2 protein chains.
Amino acid sequence: MKNLLFEFISKYISLTEDEKQILINLDIFHSFKKGAVLLEEGQKSNKGYFVLKGCIRSYYVIDGEEKTTAFYTEMEGLTPSCVLNGKCSKNTISCVEDSILTVSDPNMEAEIFQKFPKFETMCRVLSEEILVKQQLDFDAFKVSSPEQRYLNLLEKRPDLIQRVPQYQLASFLGIKPQSLSRLRTRVIEKNKNSVLS
Amino acid sequence: MKNLLFEFISKYISLTEDEKQILINLDIFHSFKKGAVLLEEGQKSNKGYFVLKGCIRSYYVIDGEEKTTAFYTEMEGLTPSCVLNGKCSKNTISCVEDSILTVSDPNMEAEIFQKFPKFETMCRVLSEEILVKQQLDFDAFKVSSPEQRYLNLLEKRPDLIQRVPQYQLASFLGIKPQSLSRLRTRVIEKNKNSVLS
DNA sequence: TTGCATATTTTATTTTTGTTAAAATGATTA
DNA sequence: TAATCATTTTAACAAAAATAAAATATGCAA
């Protein structure tokens, strides 16, 4: 598991064995069972997560209904908003599958950044990359119809459609589960026709 | 104008006069006329922008129609995706108003980061803050109806509704100009009733 | 200033999604 | 296995958005 993390880090900076050992000594690797709650609505937390294996999701409960807004899978990281703004969380973070995650907090980061400035450089670069990626995702969401969003998801993250229940995908796509069900039959119908012709 | 920038920076780090002078010497302050294009679709660029005064927007041209996805106003910054991924830009960045911006590129950043590591810390923190803020915006967008999005914009960025043509706001809200027009009359109608009762 | 061209907003018709309710299917476990 | 709970599908109807077309506003040149 550790190697997954170091392989990922190696894309940005190179670490000596000593540096790796220091990271390991921070005891950041943790396993969670499917359904485990990492952050509960109304609570505060200073923990950030990085997915080595598995899948976690963020959701809000609005008028008694779960609204899923994000999924994080292998090699994706998440810092809940409450870590930075100190407010109570409006959303819940939980594991969709059994997962292996790294867990860290600002104190640990400060310690590492002080010891290895290149680690802060990596985090800056990573953060900027993710920001750009998310901006593109947001753009695509805005300019697309629900059907286009579904087709786009099918292309870009086909695994999610397998790993995650449809009613969670629906709010992730900004629509209701019933609409997603309808939309899918429509898409399948169209494909039939285009294959025939 | 310079003071606006230094005031902003002072929220994150403190700069000596020498450090400020070095920043000024980089010649990052530039004025642009309304309509000026900062980045054109299909082009590459390594320039990032920070708005000191004015307003710039990002838009895509899809099937001959402009789809506005973002506005940046005072004290907001933008790094186009092509700066990081090196690909041709899919969107256009242009000035909605006469604007005063800082313009920078990765080389300039590298130079500053090397001279003042605290500057890189600021950029990391800023980037993480913006990332969290954008995630919250994206979440709110997903769980809201167009009408709720409009009301939310009215509350959070009322200036935009004054500064920007309605058809640009529409795609920013993920709908067509026609729908926004109808939606507004609906909202006004509701307000009438609630004022009467 | 008028008149024209373009930009922007509004108004009708069609399509899609939301809503509510219920049924069908699938998974879990007592 | 039956019983329960979770998830997906289907149906009917209301509401909202997309599409298409018209109306209005704006900027600019003669």
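As the structure is a computational prediction, the values presented were derived from the model and not from experiment. Naming: A, B, ... by sequence-line order, numbering from 1 per chain.
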If I take atom CD in residue A:Glu65 and atom C1' in nucleotide D:dT7, what distance separates them, rounded to the nearest angstrom? 14 Å
Establish, with yes or no, whether the OP1 or OP2 oxygen of D:dA18 is under 4.0 angstrom from a side-chain nitrogen or oxygen of B:Ser179. yes
Checking all strands, does B:Arg186 fall into the base, sugar-phosphate, or nothing category for heavy-atom contacts under 4.0 angstrom? sugar-phosphate
Do any pairs count as a ring-ring contact (aromatic ring centres under 6.0 Å, His included) and have a residue in residues 71-109 of chain B, sequence neighbours left out, and if so which ones? B:Phe71-B:Phe172
For the side chain of B:Lys176, counting heavy atoms from C-beta on, which of C:dT17, C:dT9, D:dA18 is nearest? D:dA18
Tell me, which pairs form a side-chain hydrogen bond (donor to acceptor under 3.5 Å, both in side chains) where one or both residues lie in residues 89-111 of chain B, sequence neighbours left out? B:Lys47-B:Asp105, B:Ser58-B:Asn91, B:Ser89-B:Asn91, B:Glu97-B:Arg163, B:Glu111-B:Lys115
Side-chain donor/acceptor contact of B:Arg182 with base of D:dA16 under 3.5 Å: no
Check the orientation of B:Tyr49 and B:Phe32. Use parallel for under 30°, tilted for 30 to 60°, and perpendicular for over 60°. perpendicular
In whole angstrom, give the distance that lies between atom CG of B:Leu173 and atom C1' of C:dT9. 16 Å
Presence of A:Arg184 side-chain N/O under 4.0 Å of D:dT9 phosphate oxygens OP1/OP2: yes
Under 3.5 Å, is there a donor-acceptor pair between the side chain of A:Ser171 and the main chain of A:Lys67? no
Could you tell me how far apart B:Gln148 (CD) and D:dA16 (P) are, to the nearest whole angstrom? 11 Å
When you check the phosphate oxygens OP1 and OP2 of D:dT7, does a side-chain N or O of A:Gln168 lie under 4.0 Å from one of them? no
Using a cut-off of 4.0 Å on non-hydrogen atoms, how would the nucleic acid contact of A:Thr185 be classed: base, sugar-phosphate, or nothing? sugar-phosphate
For atom CG of B:Leu180 and atom P of C:dT11, their distance in whole Å: 13 Å
Atom-pair distance (CD on B:Gln162; P on C:dT8), nearest Å: 16 Å
Could you please name the option among C:dT17, C:dT10, D:dT10 that lies closest to any side-chain atom of A:Ser181? D:dT10
Which nucleotide, D:dT10, D:dA17, C:dT17, lies nearest any side-chain atom of A:Ile175? C:dT17
Take the protein atom CD1 of A:Ile161 and the nucleotide atom C1' of D:dT8, then report the distance between them rounded to whole Å. 15 Å
Here the distance between atom C1' of C:dA7 and atom OH of B:Tyr167, to the nearest Å, is 7 Å
Hey, which sits more toward the 5' end of DNA chain D by its nearest nucleotide, B:Gln178 or B:Leu183? B:Leu183
Using atom CG of B:Leu169 as one end and atom P of C:dA7 as the other, report the distance to the nearest whole Å. 18 Å
Side-chain donor or acceptor of B:Ser127 paired with backbone N/O of B:Arg124 under 3.5 Å: no
Among C:dT11, C:dT8, C:dG18, the nucleotide that comes nearest once only the side chain of B:Pro165 is considered: C:dT8
